[in-house]
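One structure is given here, and the rest of the page talks about it.
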Amino acid sequence: MKARALLECTIDTASPAAELSATISAVLAVLPSAEQRLSVLRSLDDEIGRALAEFEAASKPQETEDAA
């Protein structure tokens with residue numbers, strides 16, 4: 001059997017940015033090393049950058065159509 005530490009979160013979608021920030025802080029607080037925290041933050045940075053690029057690419061044609 002492998003022992004695991006779990007963190008269960010409930011996020012209020014009325015204030016998603018603050019809730020996600022608190023969740024990230026809670027996860028980082030339980031990681032034992034600076035390298036692990038840095039790795040998580042870099043992974044999140046990559047995921048957020050990818051999601052932002054996809055969102056911007058998807059909304060560009062819509063902005064062009066709206067301007068016409």
Side-chain angles (χ1 to χ4, degrees):
M1 177 178 90
K2 182 177 181 181
R4 300 185 305 163
L6 300 176
L7 175 66
E8 187 172 323
C9 298
T10 302
I11 295 176
D12 178 359
T13 58
S15 55
E19 295 282 303
L20 289 169
S21 179
T23 302
I24 291 166
S25 293
V27 170
L28 293 175
V30 300
L31 296 176
S33 73
E35 288 103 20
Q36 288 175 310
R37 291 188 292 275
L38 186 57
S39 176
V40 167
L41 290 170
R42 285 187 174 142
S43 294
L44 287 170
D45 185 46
D46 290 344
E47 290 295 324
I48 290 168
R50 222 178 338 266
L52 185 57
E54 289 173 9
F55 180 80
E56 289 173 341
S59 64
K60 269 202 178 202
Q62 194 173 16
E63 289 173 3
T64 304
E65 290 173 12
D66 290 344

Any donor-acceptor pair under 3.5 Å linking the side chain of Glu19 with the backbone of Asp12?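 Pair found, side chain donor or acceptor close to backbone of Asp12.
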
Output yes when a side-chain donor or acceptor of Ser21 lies under 3.5 Å from a complementary backbone atom of Ala17, and no otherwise.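 Not a single qualifying donor-acceptor pair exists.
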
Transitive ILVMFWY cluster of Val40, excluding itself - 4.5 Å side-chain cut-off: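 Ile24, Leu28, Leu31, Leu41, Leu44, which link up through side-chain heavy atoms under 4.5 Å apart, make up the rest of the cluster.
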
Using links of under 4.5 Å between side-chain heavy atoms of ILVMFWY residues, direct or through other members, which residues join Leu7 in one cluster?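 Once heavy-atom contacts under 4.5 Å are chained together, Leu7 belongs with Val27.
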
